[in-house]
Amino acid sequence: MRILVFDKGKTSRKVIVKPVIPKGYAKLVKALVDKALREEIGYPARVYITDYGEMLEHLYGEIQVMVKYGFYLEVMRRCDKPLGTNIAGVDVNSDRLNLVVTDENGDMVWKYTAKFPQVTSRGYPRKRAWSIIGEALHKVLKNAHSHGASVIAVENPKVIGYLRYYWMRNGDKKLENYNYKISIFRNSIIERIMWKALLYGLQVITVNPKGTTHSEDHEYIMRRYGLDRHTASAYLIALKARRNLQRP
C-alpha cells in the first residue's frame with residue numbers, strides 16, 4: 001500500500017507499507033483487490049494512528065478499509081440457506097453468550113453457552129477482547145445453523161440502551177464493575193450478531209427484553225427445565241420470537 005505522509009516542513013511523499021492481513025479477512029481482501037484492479041469496485045481507506053515515537057520518528061497504527069455490506073456477505077458467506085425452520089434465541093451478556101434452539105412446538109432441542117469472562121476485566125486489551133468475542137459469536141451462529149435454525153432472535157439493542165441509561169442513572173448495580181460492564185460490550189455484541197447472522201443464512205429479529213430476565217415466566221422456566229438464568233433468558237427470547245412471527 002502506498003501511503004501519503006508529510007514531514008514537519010509539510011513536504012509530502014509516499015511510502016510503501018506491506019500490511020499484515022488478519023487470517024479471517026484474507027479472502028475478503030483478495031476479492032476486493034481483484035475487483036479493484038479490474039475497476040469493478042472502489043473502496044475508501046484510511047490510516048488510523050494508535051501510537052507514535054517521542055520525536056515522531058515512528059508511527060504505529062492500522063490501515064482500515066471499508067467495503068459494502070453486500071460485498072462482504074457475498075465473499076464471506078458460510079452457509080447459503082438454513083437447514084430447517086427452528087427458531088433460536090440468544091441471551092447476550094458482557095461475559096457470555098447463551099443459545100437455545102426451539103422446534104416448531106416451542107420445545108428446546110439444543111442449548112449452548114460460550115463464556116469469555118476475561119474480556120470484562122479493566123485494562124484487558126480491547127483488540128484481543130473483540131477477537132475472543134468474535135470467535136464465540138461464530139460458534140453460536142454455527143451451532144444455531146447446524147441445529148436447524150432459520151431465525152435467530154436477540155433482544156432489541158435500542159430498548160436495552162434505554163434500560164442501561166436508567167440502571168446507571170439510578171445506581172442499580174450489584175457489582176463494582178456492573179455499570180462498566182453493561183456500558184461497554186452488550187449492545188455492541190448484539191449488533192455484531194445482527195451483522196453476521198446472514199453469513200449463516202439466518203434471519204434476525206429483535207424482541208422486547210421486558211420479562212426475559214426477571215419475571216414469573218423466567219422463574220417458571222428455570223424451575224421446570226433446570227436451567228440457569230441466562231439459558232432461561234435465551235429460551236424466553238426464542239419463544240417471544242415465535243409469537244412475534246405468529247408461528248404455532
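- Look at Lys127 and Glu62 and you find a salt bridge, because one of the NZ, NE, NH1 or NH2 atoms lies within 4.0 Å of a carboxylate O, short of that distance.
- Between Ile133 and Arg128 there is no side-chain heavy-atom pair separated by less than 4.5 Å.
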Residues 12-27, side-chain donor-acceptor partners within the protein, below 3.5 Å, at least two apart:
| from | atom 1 | to | atom 2 | distance (Å) |
| --- | --- | --- | --- | --- |
| Lys27 | NZ | Val75 | O | 3.2 |

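- Residues satisfying the ring-ring contact (aromatic ring centres under 6.0 Å, His included) test with Tyr43, not counting sequence neighbours, are none.
- Comment: Asp34 does not engage Arg38 in a salt bridge, judged by the lack of any side-chain N to carboxylate O separation of less than 4.0 angstrom.
- Taking each heavy atom of Ala144 and Leu202 in turn, the nearest pair found is CB-CD1, 4.2 Å.
- Salt bridge absent: Glu104 and Arg242 never bring a charged side-chain N and a carboxylate O closer than 4.0 Å.
- Side-chain contact annotation: His230 with Asn93, donor-acceptor N/O pair under 3.5 Å present.
- The stretch residues 68-81 participates, sequence neighbours left out, in these side chain to side chain donor-acceptor pair (under 3.5 Å) pairs: Tyr72-Lys196, Arg78-Tyr200.
- The aromatic ring centres of Tyr225 and Tyr235 sit less than 6.0 Å apart.
- Lys139 NZ to Ser146 OG: the interatomic distance, rounded to the nearest 0.5 Å, is 13.0 Å.
- The line from CD of Gln203 to CD1 of Ile87 is 9.0 Å long, rounded to the nearest 0.5 Å.
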